[in-house]
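Worksheet: one structure, shown below.
Keep in mind that this is a model prediction, so the values were computed, not measured. Only this structure's heavy atoms are used, side chains among them; waters, hydrogens and symmetry mates stay out.
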Amino acid sequence: MSTEENPAAAPRSLAEALRGRDDVSLAALLRSRPDLITPVPTDLTQLATRAGTRASVVRALERLDRFTLQTAQALAIAPDPATYAELLGLMAGDDGDPAVSAALPHALGTLRAQALVWGGDDRLRLVRTARELLAPSPQHPSPTGLGPTVREAGAGISPGRVQEILATAGLPSTHDSVSALNALAGLFDDPEQMSALLDQAPSESVEVLERLVWGPPYGQVTADPAPRLRWLLDRGLLLPTAPGTVVLPREVALRLRAGRAHRTTEPVPPPVEAAAAHRPQLVDATAAGQAYTALATVEELLKDWHEGGPAVLRAGGLSVRDLKRTAVALDVPEPVAAFWVELAYAAGLLASDGEADERYAATPAYDEWREGPAGERWARLATAWLAATRTPGLVGERDAKDRTLSALGPGLDRSAAPEVRHRVLALLAGLPEGAAPDAGSLLARLSWERPPRADRTGGGAPSPYARRTPAQPAEGTRGVAARAGGSGAPGYPADGASGAGEEDDLRSRLARWTLAEAEMLGVTGRGALSSHGRALIGAPPAPRHADTRTEPAGPGDKLPVHHRQTPVPPALSPAEQATAAAAAGRLLDPLLPEPLDHVLLQADLTAVAPGPLERPLADMLGVLADVESKGGATVYRFTPASVRRALDAGQSAADLHAFLTAHSRTPVPQPLAYLIDDVARRHGHLRVGAASSYVRCDDDAVLNEILADKRAAGLGLRRLAPTVLAARTDPAALLEGLRAMGFAPAAESAEGDVLIARADAYRTPPRTPPEPVPDGPPVPDDTLLAAAIRAVRAGDLASTAPRRPVAGAADTAPGELPRTTAAETLASLQAAVLTNDTLWIGYVNAEGGASQRVIAPIRVEGGFVTAYDHTADEVRTYPLHRITGVAELGE
């Protein structure tokens, strides 16, 4: 039965409206507005109060799509309460719009579900805080561009002036200003009378109205207005609100707009258009190639930082110089290098070591990660990227304090990043298989789903029929002046500036960064979502495109998508995300190239790896040779320094010859064999140890040569014996100095044994990946929701249940705890045990927190009462001395 048929059933407050909801509806409310459950409210009245607070309402409005927000804005300028017919008229206009009529019930249902609107279709009420935020005022222009009503704008006009306006408009005079303003509003609400009045208006006056009708409605007039303005002022079509300021009343604007609250309504989300279509197999192959490159790049980054990476800045993060060095080492631009560094950090593979001289290095988790299957390793990177709130695209920009934002440093967290990434990939999943999106249509869709702040809080396009005066309102509204002026549009802070515009622009930038990062990571290929990318977000398989073409005719060729897009998948829980990531890794594994166990040695002291190498081969070759170029094939170059590095790692010349023979598909070239033998013959001939340090050699002629070399002056060498030189420098510096002079010394231990220098060295202590910065309270799970709803229902029962005061008890005001003496409390509880009655009690816990509960006493003994607590839905025991009082529940 509707509230029209049963007016008594109409809720009188938001709390009553919530009280009439079932558990499923309450769970949907708490899931969409999780701030309402933090902490769990004691009853539905407190829940309704919290749902009407400014912070909560602003947060809820920010998460509405454009059409639902337009519906709320229309309710804000509608009568309070409004009927569904009045709301439909404001949204669809006098002529009606079938698309708006079809979409309005869903938008209104969304507002009701989120407790922003309550009441039946005959009495729709927008919560007071939302009305205050969205209703027009001189300080906060409405997003609709409408001004105040005739009654609001005319409240400050003198009674005599109001009667003059009535007479000029052709209406009979009244006895007071209130009835006069009501009569004037009735004139403007009547289409026929309003049309007749406007038919009499000079064309210049109509032009003024047309320029003001879509807002802003405020403007300036001189002390002696022009005749076209005087005609409007005399008939109340413009009303003064302050000296020199006038406003177009809301009723007049709505008549001129044919009843529409908005110039343009968008009941249907704009579709994401496909800019190009590719074969799905080509998309997957391209994405797999990018995924392999991503794995290789992260490995190369952390291998470069094996022995301790760059130092941590005092303020945190990576210095500009170190980021440039990393970019050169990875052979990528600096912004891309920042992305890979941040990705490794988000995945927990990279961290600072926490030492006094703090440096970045790989974590122990990196060793475990690099031993896993390729698909599993990629899934870990992709999952970390999806959930990370750190935003590499901001590196190099400046924060609010004009400090440069550095990679791995503070200030890069943006809580909206995970949501935007998921939405972009979800919208890509809605396209046909192999379709790459048009970036413009994608950004338009995201803007519809989360409108810019200007659309939420006002600031419509200014009227061009204006000139700025010093007395004009500070909000930048422009209005009527003595002559037509220039046009302008209110701007928001540019890229990197502070304010609302930064947030709105950041979302579009996050979307663009997501498209680029997804391509680099291999989630997409050629702009289209890959099959393993779909699995990563839990999306179902996409439909095949109906168009028979597999490639666009040209760069601007767009393939129609229309409404055949599949629904976008919802966000996944952590457990579901882990399952989806594992499935994505399994899909990717067959697409990645198989590691090779061989290389091709060439006579110019290079080796060509025609594909990815098996890990032992790659590790050994990385020590024995230097990477000269990368791509589809990797080229390694053998040098005396690289061969000496392998010998320092404990290899012998025979080991190196055997290694190359075993892993080369071509014979070992003679120049390479000579190079290895020559370096090995000289390696270890000199021995360096710690005295501060020393050099010993069986050939004293070599030591004489060293002492005679001018380059050895900085080493502080002196002869201790015919075969021993002592130095003031440490062993490491002595080793480097002698190598720079062309010798090949080897380090030795205190026992005289040769020390082996292995490449894999430094690791940080165990570190956990950085926690994403949440965008507000987390969405509660089903278990928490069920418990919270049960507690709220029970608390509401305790606070609203009718009760009879115990004889002799003091009167208890609503919301206060019952108060009875200890004797009366004990007597009432004992009687309830015998009669199986349910009581209402006040209780103060050990921390001093007061609450009211509904209990069914089971027994009373030893200073305690054991009872079934309806509030907690379980049996509990309470100390009698903590019960403030008892009252019986009514029938």
Side-chain angles (χ1 to χ4, degrees), residues 15 18-27 29-31 34 36-48 50 780-810 812-891:
L18 295 178
R19 207 162 278 129
R21 293 192 179 194
D22 57 18
D23 288 354
V24 174
S25 177
L26 279 180
L29 168 62
L30 298 178
R31 191 176 288 108
L36 301 183
I37 204 176
T38 310
V40 176
T42 57
D43 53 38
L44 288 170
T45 300
Q46 189 180 90
L47 177 63
R50 193 177 296 173
D781 56 25
D782 293 339
T783 303
L784 176 58
L785 282 176
I789 291 173
R790 186 169 62 249
V792 170
R793 293 276 192 205
D796 199 58
L797 173 64
S799 63
T800 61
R803 46 192 178 265
R804 296 194 300 266
V806 176
T812 303
E816 293 185 5
L817 300 181
R819 300 284 179 179
T820 56
T821 65
E824 292 167 342
T825 298
L826 179 60
S828 298
L829 291 172
Q830 290 173 337
V833 172
L834 298 175
T835 60
N836 294 323
D837 283 343
T838 301
L839 300 176
W840 172 56
I841 68 169
Y843 180 72
V844 179
N845 62 20
E847 289 76 28
S851 62
Q852 46 188 329
R853 301 175 178 275
V854 175
I855 66 171
I858 300 172
R859 65 175 177 271
V860 180
E861 59 184 10
F864 292 88
V865 56
T866 301
Y868 176 77
D869 190 336
H870 290 274
T871 308
D873 195 20
E874 64 183 9
V875 175
R876 289 186 174 182
T877 300
Y878 299 101
L880 290 177
H881 69 276
R882 294 195 178 277
I883 297 178
T884 65
V886 178
E888 295 182 10
L889 295 179
E891 296 296 334

R793 and D43 ion-paired at < 4.0 Å | no
[X]: which residues meet the side-chain contact (heavy atoms from CB on, under 4.5 Å) condition with it, sequence neighbours left out?
{"X": "P780", "answer": "P34, I37, L784, L785"}
{"X": "L826", "answer": "Q830, V860, L880"}
{"X": "N836", "answer": "none"}
{"X": "A15", "answer": "S13, R19, T45, A48"}

Tell me, please, which residues at least two apart from Y868 pass ring pair (Phe, Tyr, Trp, His ring centres under 6.0 Å).
-> H870
Would you mind reporting whether [Y] and [X] have side-chain heavy atoms less than 4.5 Å apart?
{"X": "T866", "Y": "V875", "answer": "yes"}
{"X": "T820", "Y": "I883", "answer": "no"}
{"X": "L18", "Y": "L47", "answer": "yes"}
{"X": "L26", "Y": "V792", "answer": "no"}

Identify, with sequence neighbours excluded, every residue that meets side chain to side chain donor-acceptor pair (under 3.5 Å) alongside [X].
{"X": "D781", "result": "none"}
{"X": "E861", "result": "R859"}
{"X": "T38", "result": "none"}

Please identify each residue that fulfils salt bridge (charged side-chain N to carboxylate O under 4.0 Å, His left out) with D837, with sequence neighbours left out.
-> none
Listed by chain and number, what are the salt bridge (charged side-chain N to carboxylate O under 4.0 Å, His left out) partners of D782, not counting sequence neighbours?
-> R31
Exercise: identify the closest heavy-atom pair between S828 and L839 | O-CD1, 3.8 Å
Locate the shortest heavy-atom distance separating R853 from D869; write the atom from each residue and the value.
-> NH1-OD2, 3.1 Å
Within the side chain of R882, is there an N or O that forms a donor-acceptor pair under 3.5 Å with the backbone of Y843?
-> no
Could you tell me whether a side-chain N or O of S25 sits under 3.5 Å from a main-chain N or O of R21, the two making a donor and an acceptor?
-> no
Could you please spell out the steps behind the side chain to side chain contact (heavy atoms under 4.5 Å, CB included) verdict for T877 and V865?
-> CA-CA 6 Å; T877 300; V865 56; over 6 Å; no
Roughly how far apart are I841 CD1 and L829 CG, rounded to 0.5 Å?
-> 7.5 Å
